[in-house]
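Residue numbers count from 1 along this sequence. Computed from heavy atoms alone, side chains included, the values below leave out hydrogens, waters and symmetry copies. Predicted, not measured: the structure shown is a model, and the values here were computed from it.
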Amino acid sequence: MARCADLVSEIDAFHQGFGQPAQLIAALRTSVLLVPLTSDDRVWRVVVGGVGWVGVFTSEDEYAAFMSARREFGAAKYHALSGSRILDDVTTSFADATGIVVDPCGDRPMPFPPAVGQEVDSWAI
């Protein structure tokens, strides 16, 4: 998705060791990401160690790789949402702490743990 180019660039910078937290969060907030849905149209998430995680994707190819890794083939439902909406509305709608992982099956996955997302948000413009 073209609206994710800045986010992908900032994630690459972090993986290379020179990323800037404020720029990363700003790029996340302005990106339009794919959010998987369950069969009953709820946001898909997994809980690991008491922390919920929502996988979000920068492209349909990244989402397809995730579905393939889960051995789920065929049509898969998702919403396209802004990073701001994901951080401010989706992750906060769950009873327990929930973060996001961008492109979890990709070459450069990027987790945003719940506490980090809340703290770094104050840096974003």
- Where is the tightest heavy-atom contact between E10 and A27, given as atom of each residue plus distance? CG-CB, 3.9 Å

- Test item: P21 and F14 side chains (from C-beta on) under 4.5 Å apart, heavy atoms: yes

- Query: So do D12 and Q16 actually touch side chain to side chain, heavy atoms under 4.5 Å?
  - Reply: yes

- Message: Does either side chain, that of D40 or that of T38, offer a donor lying less than 3.5 Å from an acceptor on the other one?
- Response: yes

- Item | Heavy-atom pair of closest approach, residues T92 and D89 | OG1-O, 3.2 Å

- Query: Within the distance-only criterion (no hydrogens, no angle test), does the side chain of S31 pair as donor or acceptor with the backbone N or O of G83 below 3.5 angstrom?
  - Reply: no

- Message: Quick one, L7 and I11 - any side-chain contact, counting heavy atoms below 4.5 Å?
- Response: yes

- Item | Shared hydrophobic cluster for F18 and L24 (ILVMFWY, side-chain gaps under 4.5 Å) | no

- Query: Any salt bridge between D103 and R108, counting N to O under 4.0 Å?
  - Reply: no

- Message: Show the nearest heavy-atom pair for residues P104 and F66, with the distance to one decimal.
- Response: CG-CD1, 4.1 Å

- Item | Joint cluster assignment, V8 & V35, ILVMFWY side-chain distance < 4.5 Å | no

- Hey, quick one: are I100 and F94 part of the same hydrophobic cluster, counting side-chain heavy atoms closer than 4.5 Å, chains of contacts allowed? yes

- Message: What's the separation between atom CE in M67 and atom CZ in F57, rounded to the nearest 0.5 Å?
- Response: 8.5 Å

- Residue pair H79 / L37, side-chain heavy-atom distance below 4.5 Å: yes

- So, do F112 and W53 have ring centers that fall under 6.0 Å from each other? no

- Side-chain touch M110/H15, heavy atoms, less than 4.5 angstrom: yes

- Note on the structure: Scanning both residues in full, the closest heavy-atom pair of T98 with T91 reads O-CB, 3.5 Å

- Value rounded to 0.5 Å, distance of CG in L34 from CG in D61: 10.0 Å

- Query: Would you say the side chain of P114 lies within less than 4.5 Å of the side chain of V51, judging by non-hydrogen atoms?
  - Reply: yes

- Check ion pair D96-R45 (N to O, under 4.0 angstrom): yes

- Query: Just wondering, do L28 and I86 contact through their side chains at under 4.5 Å, heavy atoms?
  - Reply: no

- Do L33 and C4 have side-chain heavy atoms sitting under 4.5 Å apart? yes

